[in-house]
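Residues: numbered from 1 along the sequence shown.
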Amino acid sequence: MKNIFRAILSVAAIFGGLNAFANSNLATTVNSSPLETSSVVAVSVKEADTGKVLYQHNERKLLHPASTLKIFTTIPAMEELGDEYEFTTTFYTANNNLYVKAGADPFLTSTELKNAIKSIKGKGYHSFNKVYFDGSIIDNAEWGIGWMWDDTTNKRMQKFSAYNVDNNLVNIEVAKGEDGVITAKSNVPLPVINSISAGDKDDIFAVRNDWISPEVILVAGSIKSPVKTVQVPLNNLKRYYQQTIMKSIKNAKITLQQPICLEEKVPENAKVLLKIKNPVTPAYEKIFKNSDNLCAETVTKIAGGQKSGETGSFSNQTKMFYDYWQANGVDTKGIVIADASGVSRNNLVTVDFMTNALDKIYVNKQEQFIKDTFAQPGEGTFSNRLLNYRGYVFLKSGTLANISGLAGYVKADNGKTYSVAILIQNFTYPENQVKIFENRLIEEIKKL
């Protein structure tokens, strides 16, 4: 009889808890939103230090994470590379040949490459037989699996490779002269079709019609200012990188017996002439706070290659992801990862996985890491969001067409820190309205 009575009490406690839970402000906010009727809304909120569930809704539905995925792909890369890693472009010589080993450095500039050639000339190297390029640090897949073809001229969707330079963007300077003549000049040797007209506002855009002529850039729209600059992603990263080196060699008056670009790994007996180094830590900041896709993809590929001892590739960066989270006790069953940046529509995660992983990050890394790494209001993608909550919310946003999300931490009024994951997809409402809904959920968590 006692056992039956205990069972009844236990069931009553469970359902009573569920009723109280269902009447919480979070549940009311979600259930009363029109997004809940027409779209897919998934939310998971857990105590960051214990993993105790505060609120979950559609927590096991597989959804597109957009750029919130960057948290979970970058953390394993950060563990592998550490804060001391440096992107390194190295110049060698062997058998009177010049070797350039590309480092997939997302911060490398053409100016640095030009200055390197000048320095090599200053070291007394006035001639080489040939120039070889070694891009073996990562593979030659320059775009992510499942990326959208019509994003190829979106300046936030650059290609990425071992031959990253100048942010992998073409700069088009548009100028309107006093005589009314409008010119459009590219900083790379590519043909530009100028269809710009004078107007009462600056509304300039640059595109490539890749299916017609991928090397021709069309600049159109209107210009009011004397000078404006627009950008479009480079189509052929390796060629621009190599052209920059070869032109610098010519300008430095270094003689080449065979002035052609060749590809070959650096031989073991090669002598180091010069290194260009840039630290990795600014890349971490750009990933978490500015949602930089170029940094996210190159950092994780480099880390996957270093961990495997092979050329960085999608397969070994993905293995690094699954190995890391499984080693930390986070179940990845059913999770599908197609890139590092969250751009691919092939990515599928659950908010339950996200908060489980966020709990592990919080326990392993501690609060100061969270504060230093994640974006706060007034920073990056949160420059105009949740401004009254600086010091209390540390988040990563994600946005694709009809997809939005948040993931990170909220320090509530009750003194507890909560891991939070919100994914919303298949909505037809204006994006800013969806972001306002996300903000309301964060505000409700903060008031706990």
Side-chain angles (χ1 to χ4, degrees), residues 26-27 29-45 55-74 144 146-148 150-151 154 156-157 287-293 296 335-355 357-358 374-377 379-387 389 393-410 418-446:
L26 282 171
T29 302
V30 170
N31 294 333
S32 63
S33 169
L35 287 166
E36 172 62 10
T37 302
S38 61
S39 310
V40 182
V41 178
V43 182
S44 178
V45 184
Y55 174 74
Q56 292 203 123
H57 178 72
N58 287 331
E59 69 275 10
R60 298 194 185 278
K61 283 190 179 295
L62 286 165
L63 301 174
H64 301 299
S67 285
T68 61
L69 182 65
K70 289 183 174 74
I71 299 170
F72 311 105
T73 55
T74 303
W147 286 24
M148 306 294 280
D150 53 352
D151 277 329
N154 181 338
R156 287 177 49 81
M157 293 290 295
I287 293 168
F288 276 88
K289 297 186 178 182
N290 300 103
S291 207
D292 188 281
N293 296 318
I335 303 302
V336 178
I337 302 301
D339 66 5
S341 59
V343 170
S344 175
R345 297 304 183 101
N346 296 348
N347 294 311
L348 292 172
V349 304
T350 67
V351 291
D352 188 59
F353 159 78
M354 293 166 75
T355 48
L358 287 165
F374 285 73
Q376 295 190 52
E379 298 177 336
T381 57
F382 287 89
S383 58
N384 295 307
R385 294 182 69 180
L386 297 163
L387 296 179
Y389 295 93
V393 298
F394 311 91
L395 298 166
K396 176 78 193 71
S397 64
T399 307
L400 288 171
N402 310 117
I403 298 170
S404 184
L406 287 180
Y409 304 92
V410 177
Y418 294 94
S419 298
V420 180
I422 304 167
L423 294 179
I424 307 166
Q425 69 177 50
N426 302 343
F427 57 82
T428 57
Y429 293 94
E431 184 183 298
N432 68 313
Q433 291 185 20
V434 179
K435 300 298 185 187
I436 289 170
F437 170 71
E438 293 171 352
N439 290 354
R440 284 184 59 198
L441 290 175
I442 297 300
E443 290 164 0
E444 292 296 341
I445 298 167
K446 170 65 174 62

The salt bridge (Lys or Arg N to Asp or Glu O under 4.0 Å) partners of Glu36 (sequence neighbours excluded) come to none
With a 4.5 Å limit on heavy-atom distance, are the side chains of Ile403 and Ile424 in contact?
no
- Message: Does Val349 form a side-chain contact (heavy atoms from CB on, under 4.5 Å) with Leu423? I'd like the steps, not just the answer.
- Response: CA-CA 10 Å; Val349 304; Leu423 294 179; 4.0 Å; yes
Self-check item: Any donor-acceptor N/O pair, Asn154 side chain to Arg156 backbone, under 3.5 Å
Solution: yes
Hey, can you pull the donor-acceptor pairs under 3.5 Å for the side chains in residues 431-442, sequence neighbours left out?
| residue | atom | partner | partner atom | Å |
| --- | --- | --- | --- | --- |
| Lys435 | NZ | Gly398 | O | 3.4 |
| Lys435 | NZ | Thr399 | OG1 | 2.7 |
| Lys435 | NZ | Ser404 | OG | 2.7 |
| Glu438 | OE1 | Arg385 | NH2 | 3.0 |
| Glu438 | OE2 | Ser404 | OG | 2.6 |
| Glu438 | OE2 | Gly405 | N | 3.3 |
| Asn439 | OD1 | Arg385 | NE | 3.3 |
| Asn439 | OD1 | Arg385 | NH2 | 2.9 |

Quiz item: Judged by atom type as modelled, is there a donor-acceptor pair below 3.5 Å linking the side chain of Asp292 to the main-chain atoms of Ile287?
Solution: no
Applying ring pair (Phe, Tyr, Trp, His ring centres under 6.0 Å) to Phe394 and not counting sequence neighbours gives none
Closest heavy-atom pair, Arg345 versus Ala401, reported as atoms and distance to 0.1 Å, is NH2-O, 3.2 Å
Side chain to side chain contact (heavy atoms under 4.5 Å, CB included) filter on Asn426, not counting sequence neighbours, yields Val40
(Q) Within the 3.5 Å criterion, strictly below it, is a donor on Lys396 or Ser291 matched to an acceptor on the partner's side chain? (A) yes
Asn58 side chain vs Lys61 backbone, donor-acceptor pair below 3.5 Å: no
Hits for side chain to side chain contact (heavy atoms under 4.5 Å, CB included) against Glu59, two or more places apart or cross-chain, chain-then-number order -> Gln56, Val351, Asp352
Between Ser397 and Thr381, the two heavy atoms sitting closest are OG-OG1, 3.1 Å
Distance col, row Ile445:CD1 vs Ser419:OG, nearest 0.5 angstrom, shows 10.0 Å
CD1 of Ile335 to CZ of Phe72, rounded to nearest 0.5 Å, is 9.5 Å
Please examine the side chains of Phe288 and Ile71, heavy atoms only from C-beta on, and report whether any two atoms are closer than 4.5 Å. yes
Without hydrogens or angle criteria, can the side chains of Ser44 and Thr355 be said to hold a donor-acceptor pair below 3.5 Å? yes
- prompt: Donor-acceptor pair, His64 side chain versus Asn347 backbone, under 3.5 Å?
  reply: yes
Output for pair (Asn402 CG, Tyr429 OH), nearest 0.5 Å, gives 13.0 Å
Nearest heavy-atom approach of Ser67 to Asn293 is OG-OD1, 4.4 Å
Exam field: side chain Ser33 to backbone Val30, donor-acceptor pair closer than 3.5 Å: no
Distance col, row Tyr409:OH vs Tyr418:OH, nearest 0.5 angstrom, shows 15.0 Å
Distance col, row Ile337:CD1 vs Leu69:CG, nearest 0.5 angstrom, shows 4.5 Å
Sequence neighbours excluded, the answer for ring pair (Phe, Tyr, Trp, His ring centres under 6.0 Å) partners of Phe382 is none
Minimal heavy-atom distance between Asn346 and Ala338, with the atoms involved, is CB-CB, 3.6 Å
CG of Leu386 to CD of Glu443, rounded to nearest 0.5 Å, is 6.0 Å
Verify, without hydrogens or angle tests, whether Lys70 (side chain) and Ser341 (backbone) share a donor-acceptor contact under 3.5 angstrom. yes
